[in-house]
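Below is one structure, written out as structure tokens; comments come after it.
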Amino acid sequence: MSFLISKTLIYAIPLMIVALAGVFAERSGVINLALEGIMIFGAFVGALTINLMQKGNAFGIIDLAKDMTANWGNLQLFLLMVMLITAVAGAIFSLLLAFAAINLKADQTIGGTALNMLSPALVCFFIRLIAQQSELRMFKGDAASWFMIKKTMLGFDKAQELGFLGETFLNKVYFTTYFCIILFVLLSIFLYKTRFGLRLRACGENPQAAASLGINVYKMRYSGVVISGALAGMGGFVYTLTTANCVANGDVAGFGFLALAVMIFGNWKPLSIAGAALLFGLFKCIAASYSTLDINNDGVFLLLNLSKDPTWGKILNPHMYRLIPYVISLLVLAFTSKKSRAPKAEGIPYDKGMR
């Protein structure tokens with residue numbers, strides 16, 4: 001159960017933070033279908049930053065890595081810096097969508113789809129140019145050995161048992177998990193409890209009424225899209241760090257589209273989005289680690305045995321387990337779309353002359 005919870009969090013956190021990215025854009029009135037593309041770009045920038053800093057031994061990072069136990073805190077600060085760089089990269093990339101949707105009044109669905117097509121092609125081109133291969137990896141080591149926090153780093157003995165909570169939340173965890181949870185809470189409060197958040201949401205509901213009160217609708221929509229891009233870029237890096245060993249290859253396994261499903265299922269509300277992200281994260285966890293899950297801790301791997309059963313194995317095979325999260329997303333959207341309450345003005349270009 002400890003393993004299941006910790007792995008569920010690893011898959012749920014990128015979904016949660018990227019779904020919140022979608023909320024910021026759509027609450028301002030701009031549909032951000034480019035979350036997948038921005039995640040891909042953020043994942044690439046993060047992997048490239050770590051690769052180059054390792055290669056150049058920036059800030060003496062290679063020396064820090066020689067003693068992980070003593071220098072794990074400094075490595076987490078380095079990781080935080082990379083997250084901020086990916087956020088800036090995502091924000092800059094999202095300006096393409098903002099300019100097309102706000103200034104040019106282009107169709108926002110088509111604009112987002114275009115960025116989703118542009119991003120992997122652009123990333124694969126740069127990877128081929130920089131690394132002369134189809135993917136970009138860390139220059140030295142792997143993500144778990146460099147950035148995963150283990151109980152020995154916190155002063156505990158390797159053989160010491162920390163109990164259920166300690167083993168779940170203190171051993172073999174990533175700093176990004178807790179940073180993103182704190183960021184999610186703070187930004188949710190910022191969106192719903194501040195004057196800026198109220199103005200942003202007003203622009204997504206009735207921009208003409210907001211403009212009549214002196215609110216700059218263009219500025220607020222730009223702000224919403226840029227914040228959305230920053231969160232999506234960061235979410236892309238968190239995904240590739242925790243689940244793909246910090247490898248950039250122009251793909252994030254559809255997490256951007258799953259985040260859109262989480263956002264709609266959560267009805268554009270942060271608390272509901274967090275619950276939906278945990279649900280989808282659980283299914284992703286099961287799909288990725290079904291063969292090692294011992295649910296009752298009795299040495300019986302039920303899901304693995306079912307996949308090998310002559311009857312059930314035809315249905316519950318490895319491909320079906322990997323398919324489950326996407327099937328669930330389709331079913332959830334099919335049954336909840338009628339009850340979804342999207343911002344009224346999302347996707348509608350703002351025109352000062354409209355009333």
Side-chain angles (χ1 to χ4, degrees), residues 1-24 26-27 32-33 35-36 39 164-165 168-169 173-174 176-185 187-188 191-192 228 231-232 234-236 238-244 252-296 302-303 306-307 315-316 318-342:
M1 186 58 69
S2 175
F3 171 82
L4 187 64
I5 293 174
S6 61
K7 291 299 180 184
T8 295
L9 282 175
I10 283 177
Y11 286 103
I13 292 303
L15 288 174
M16 190 169 71
I17 204 71
V18 177
L20 185 65
V23 170
F24 266 92
E26 300 202 8
R27 284 295 184 187
N32 191 355
L33 288 183
L35 293 176
E36 177 89 358
M39 283 187 72
F164 174 75
L165 293 177
T168 303
F169 300 109
V173 297
Y174 285 95
T176 55
T177 298
Y178 301 110
F179 178 80
C180 287
I181 290 174
I182 294 171
L183 185 64
F184 182 88
V185 173
L187 287 179
S188 299
L191 182 61
Y192 282 91
S228 176
L231 291 176
M234 185 185 297
V238 171
Y239 162 81
T240 194
L241 173 76
T242 57
T243 67
V252 289
F255 260 60
F257 297 115
L258 278 177
L260 283 171
V262 167
M263 178 188 70
I264 297 170
F265 182 38
N267 207 19
W268 290 266
K269 296 178 180 178
L271 190 61
S272 300
I273 284 173
L278 288 172
L279 176 65
F280 279 74
L282 174 63
F283 286 118
K284 284 293 292 184
C285 173
I286 292 173
S289 57
Y290 74 94
S291 61
T292 58
L293 282 180
D294 181 4
I295 299 174
N296 297 321
L302 178 62
L303 298 181
L306 285 175
S307 68
I315 301 174
L316 297 176
H319 300 294
M320 181 56 68
Y321 282 123
R322 286 192 288 269
L323 191 63
I324 285 176
Y326 304 97
V327 173
I328 293 296
S329 67
L330 289 175
L331 292 176
V332 164
L333 291 178
F335 286 104
T336 63
S337 58
K338 290 184 178 180
K339 297 180 181 179
S340 296
R341 200 268 185 205

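Two residues are said to be in side-chain contact when any heavy atoms from C-beta on lie closer than 4.5 Å; M39 and V18 meet this criterion. Under the 4.5 Å side-chain criterion, counting only non-hydrogen atoms from C-beta, F265 is in contact with F280. A heavy-atom distance below 4.5 Å is not found between the side chains of V173 and T168. Looking at L35 and F255, their side chains never come closer than 4.5 Å, going by heavy atoms from C-beta outward. Inter-residue side-chain proximity for L278 and L9 is flagged as met; some heavy-atom pair is nearer than 4.5 Å.
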V23 vs L191, side chain to side chain contact (heavy atoms under 4.5 Å, CB included): CA-CA, chis, key distance, verdict: CA-CA 9 Å; V23 170; L191 182 61; 3.6 Å; yes
Verdict with reasoning, L187 to L231, per side chain to side chain contact (heavy atoms under 4.5 Å, CB included): CA-CA 10 Å; L187 287 179; L231 291 176; 3.5 Å; yes
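The side-chain contact (heavy atoms from CB on, under 4.5 Å) check on L271 picks up nothing, with sequence neighbours excluded. Listed by chain and number, the residues in a side-chain hydrogen bond (donor to acceptor under 3.5 Å, both in side chains) with Y174 amount to none (sequence neighbours excluded). Under the rule for a side-chain hydrogen bond (donor to acceptor under 3.5 Å, both in side chains), the partners of S228 that lie at least two apart in sequence or sit in another chain are N32. The ring pair (Phe, Tyr, Trp, His ring centres under 6.0 Å) test applied to Y11 returns no partner, not counting sequence neighbours. Here E26 pairs with W268 under the side-chain hydrogen bond (donor to acceptor under 3.5 Å, both in side chains) rule; sequence neighbours left out.
When every heavy atom of I17 is checked against every heavy atom of G235, the shortest pair comes out as CG2-CA, 3.7 Å. A259 and A19 make their closest contact through O-CB, 3.6 Å (heavy atoms, listed as atom of the first residue, atom of the second, distance). Looking at every heavy atom in both residues, A21 comes nearest to A232 through CB-N, 3.8 Å.
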Can you give the donor-acceptor pairs under 3.5 Å from side chains of residues 176-185 to other protein atoms, not counting sequence neighbours?
from : atom 1 : to   : atom 2 : distance (Å)
Y178 : OH     : F169 : O      : 2.5

